[in-house]
Amino acid sequence: MPASTCTTGSAAVIGGGIAGLSAAVALRRAGWKVQVFEKSQFKNEIGAAISVPPNATRVLDRWGFDMKKARPVPNQTMRLALAHDLSYILDERYPDLVEEVGHESWSFHRVDLHRGLTKLAQDAARSDGQGWPVEMNLRCEVASVDCDRGLLVLKDRDGTRARTVKKDLVVIADGAHSHLISDLTGRPSDLRRTGRSIYRWLVSMKDVLADPDIAQHYPPNQLPGFISFSDPTREILWVSYTCRGGTMLNNAVVHDTQSGEGNDSLWHSPVTKDQVLKMLGEGFHPTIQKLVNMADKEEDGIKVHHLFKRPPLDSFVRGRALVVGDAAHVMMPTHAAGGAIAIESAASLEVLFRGVNGGDEKTVKERLKLFDQLRLPRCNLTMLASNAGPRWLAVPGVEVEVRRFYKGPLPPAGTLPWTKEFRELLFHHDEFMAAEEALAAATTAVETTVQA
């Protein structure tokens with residue numbers, strides 16, 4: 001859609017992370033004028049990498065995301081070793097994902113993914129001519145949202161409440177610790193600590209390959225992907241994979257939260273190498289513990305953030321507002337699905353709000369209803385499965401809860417993450433197609449009613 005034929009719809013996206021930027025890109029492509037309100041100086045996705053499987057890279061590919069500049073690494077295997085002796089107990093390979101699904105599974109440095117999305121949002125020289133560039137409002141915190149009227153109350157920089165802004169559509173994407181979710185649901189957020197946390201850090205692959213003991217686990221001729229080390233007795237899982245063109249190794253260690261470990265109010269807090277090594281203890285082979293001492297200071301050292309859960313929402317919409325990303329569905333990292341599901345939701349927004357006039361309240365609310373019908377089953381299925389852990393559907397009660405929202409096919413209860421049955425459920429999904437079909441069905445239903 002050329003910029004000259006854009007609709008008059010105006011949208012506010014609250015939060016400038018991956019979910020918020022994806023929503024902003026989608027609405028821009030749909031022809032809306034979009035403003036992002038981000039309370040930080042700039043949302044800087046630091047200190048970690050992120051896996052983006054084919055259900056989400058399908059969206060990035062359609063948007064023309066610059067993979068060459070972002071330098072992601074293909075994710076084509078999942079290898080799992082026992083932590084105490086480094087013996088491998090699982091080697092799942094999926095090198096033909098492009099042939100199987102049509103799109104690659106990529107591992108990004110979060111900064112590179114964030115920058116690429118920012119460019120898609122703000123680039124004035126879009127080759128397809130779609131939409132106005134997104135306006136970024138930094139150091140601009142939203143104090144509250146009147147979802148029914150599309151009103152935002154902004155805080156001044158001194159912390160006091162300032163002006164109000166009215167929009168035709170409001171997207172809440174302010175993360176797991178969202179203070180605005182209550183404005184949508186009408187009740188306090190019931191975010192809960194799980195008692196689990198993650199250490200995250202990056203290591204230069206030059207350092208990894210310079211150590212012959214560690215290098216044997218990361219040979220250059222091996223299919224790229226997850227290499228994980230498990231201490232099942234203490235339920236500690238160390239996941240590693242490369243990013244940034246294979247030059248950096250991302251490490252994430254999921255463990256029981258230790259005393260004095262970070263601040264609940266921060267999504268990442270610094271920890272020392274000694275703290276990490278103490279937690280790993282004798283359960284992890286000395287070879288793999290060397291990666292702790294290799295933590296790259298230039299990449300912000302080692303950080304920790306606590307893991308939270310929240311019961312599934314019964315709706316993602318209210319009035320003229322909707323919620324996406326971690327604010328909508330707080331996920332454990334079990335299936336590396338949180339970011340991907342947020343990008344999927346953006347695909348729905350692009351299809352459902354394409355060509356919609358923001359002043360047409362009836363149509364806006366009809367499209368929000370469709371968004372809810374599309375995303376509630378898919379998002380809650382993924383969140384409940386992820387939060388149940390690697391055994392997911394085998395955990396008592398999980399499938400019953402899933403079926404409250406999702407009525408489609410499920411793999412056998414014992415299906416492991418990233419196996420073929422798992423991939424078919426989560427990776428084969430095409431949200432563009434799902435949204436187009438839902439919109440066509442709704443349009444047909446309305447036409448039939450009018451004719452009758």
- Message: Determine whether F427 and F422 satisfy the following criterion, ring pair (Phe, Tyr, Trp, His ring centres under 6.0 Å), listing intermediate values before the conclusion.
- Response: CA-CA 8 Å; F427 295 173; F422 170 94; 5.7 Å; yes

- Just checking, is any N or O donor in the side chain of N75 or W106 under 3.5 Å from an acceptor N or O on the other one? no

- Item | Whether over 12 other heavy atoms sit under 6.0 Å from K206 NZ | no

- Query: Taking 4.0 angstrom as the limit, do R423 and E92 come out as a salt bridge?
  - Reply: yes

- Task: Decide yes or no for I172 and I181: does some side-chain heavy atom of the first lie under 4.5 Å from some side-chain heavy atom of the second?
- Result: no

- Short question: side chain of R375, backbone of I341 - any donor-acceptor pair under 3.5 Å? yes

- Task: State whether the side chain of H109 and the backbone N or O of V111 hold a donor-acceptor pair below 3.5 Å, judged by distance alone.
- Result: yes

- Can a donor-acceptor pair be found between the side chains of D168 and S10 at a distance below 3.5 Å? yes

- Query: Do side-chain atoms of W201 reach the backbone of L291 as a donor and acceptor pair under 3.5 angstrom?
  - Reply: yes

- Yes or no on side chain to side chain donor-acceptor pair (under 3.5 Å) for S144 and D183, after CA distance, side-chain angles and deciding distance? CA-CA 7 Å; S144 63; D183 293 338; 5.0 Å; no

- Do H335 and W418 have ring centroids that are under 6.0 Å from one another? no

- Are any of the side-chain nitrogens in R404 or D314 under 4.0 Å away from the carboxylate oxygens of its partner? yes

- State, with a plain yes or no, whether a side-chain heavy atom of M332 is found less than 4.5 Å away from one of T194. yes

- Message: Under a 3.5 Å threshold, yes or no: a donor from one side chain and an acceptor from the other, between E424 and H429?
- Response: no

- Item | Salt bridge R71-D112, side-chain N to carboxylate O under 4.0 Å | no

- So OG1 of T363 and CG of N357: to nearest 0.5 Å the spacing works out to 8.5 Å

- Item | Donor-acceptor pair, side chain of T382 and main chain of R378, under 3.5 angstrom | yes

- Task: Verify side chain to side chain contact (heavy atoms under 4.5 Å, CB included) between V402 and M383, making sure each step is shown before the conclusion.
- Result: CA-CA 9 Å; V402 164; M383 184 189 77; over 6 Å; no

- Query: Is there side-chain contact between S269 and K303, with heavy atoms separated by less than 4.5 Å?
  - Reply: no

- Task: Could you please spell out the steps behind the side chain to side chain contact (heavy atoms under 4.5 Å, CB included) verdict for F371 and Q373?
- Result: CA-CA 5 Å; F371 178 86; Q373 292 172 358; over 6 Å; no

- Could you go through the side chain to side chain contact (heavy atoms under 4.5 Å, CB included) check for L60 and V52 one step at a time? CA-CA 10 Å; L60 299 181; V52 182; 4.2 Å; yes

- Item | D256/R196 ion pair, N-O < 4.0 Å | yes

- Y406 and E399 side chains, donor-acceptor separation under 3.5 Å: no

- Do the side chain of D146 and the main chain of R149 share a donor and acceptor less than 3.5 angstrom apart? yes

- Would you say V203 and N251 make side-chain contact, with heavy atoms under 4.5 Å? yes

- Item | Nearest-0.5 Å distance that lies between atom CD1 in I50 and atom CZ in F108 | 9.0 Å

- Message: For Q35, is there any backbone N or O sitting under 3.5 Å from a side-chain donor or acceptor partner on E135?
- Response: no

- Over all heavy atoms of both residues, which pair between S51 and Y241 is shortest? Give the atoms and the distance, please. N-OH, 3.6 Å

- Check the side chains of S240 and Y218 for a donor-acceptor pair under 3.5 angstrom, ignoring hydrogens and angles. yes

- Looking only at heavy atoms, which two atoms of L426 and E344 are closest? And how far apart? O-OE2, 4.4 Å

- Query: Taking all non-hydrogen atoms of both residues, which atom of A385 and which atom of W392 are closest, and how far apart?
  - Reply: CB-CE3, 3.0 Å

- Item | Flag side-chain contact, heavy atom, 4.5 Å: N387 against M331 | yes

- More than 12 heavy atoms of other groups within 6.0 Å of K166 NZ: yes

- Residue pair P133 / D123: nearest heavy atoms and the distance that separates them: CG-O, 4.3 Å

- Message: Is the shortest side-chain heavy-atom distance between E104 and P53 below 4.5 Å?
- Response: no

- Item | Between CG on residue D326 and CD1 on residue I18, distance to nearest 0.5 Å | 9.5 Å

- Message: Which label fits H329 and F316: parallel for a plane angle under 30°, tilted from 30 to 60°, or perpendicular past 60°?
- Response: perpendicular

- Query: Do side-chain atoms of R310 reach the backbone of A327 as a donor and acceptor pair under 3.5 angstrom?
  - Reply: yes

- Message: Is the shortest side-chain heavy-atom distance between I227 and Q222 below 4.5 Å?
- Response: yes

- Query: Hey, what do you get for CG (L113) to SG (C243), rounding to the nearest 0.5 Å?
  - Reply: 11.0 Å

- Query: With no hydrogens and no angle check, is any side-chain donor or acceptor of T257 less than 3.5 Å from a backbone partner on G195?
  - Reply: yes

- Query: Rounded to the nearest 0.5 Å, how far apart are CG of L184 and OG of S189?
  - Reply: 11.5 Å

- Query: Any chance the side chains of H103 and T57 put a donor and an acceptor closer than 3.5 Å?
  - Reply: no

- Task: Could you tell me whether the side chains of H428 and E100 share a donor-acceptor contact shorter than 3.5 Å?
- Result: yes

- Task: Run the numbers on T415 and K420 for side chain to side chain contact (heavy atoms under 4.5 Å, CB included), then give the verdict.
- Result: CA-CA 9 Å; T415 301; K420 187 175 186 298; over 6 Å; no

- Euclidean distance, N250 CG relative to S107 OG, rounded to 0.5 Å: 8.5 Å

- Message: I'd like to know if the side chain of R28 and the backbone of V134 have a donor-acceptor N/O pair within less than 3.5 Å.
- Response: no

- Contact summary for L202 and A48, nearest pair of heavy atoms: CD1-N, 4.1 Å

- Query: For the side chain of D96 and the backbone of E99, is there at least one donor-acceptor N/O pair under 3.5 Å apart?
  - Reply: no

- Query: Can you find a heavy atom in the side chain of Y199 that is under 4.5 Å from one in the side chain of V254?
  - Reply: no

- Query: Where is the tightest heavy-atom contact between Q76 and L223, given as atom of each residue plus distance?
  - Reply: OE1-CD2, 3.2 Å

- Decide if atom NZ of K365 counts as having more than 12 heavy atoms of other residues, nucleotides or ligands within a radius under 6.0 Å. yes

- Using the ring of F308 (Phe, Tyr or Trp, six-membered ring only), decide whether R192 places NZ or CZ under 6.0 Å from its centre and within 45 degrees of its axis. no

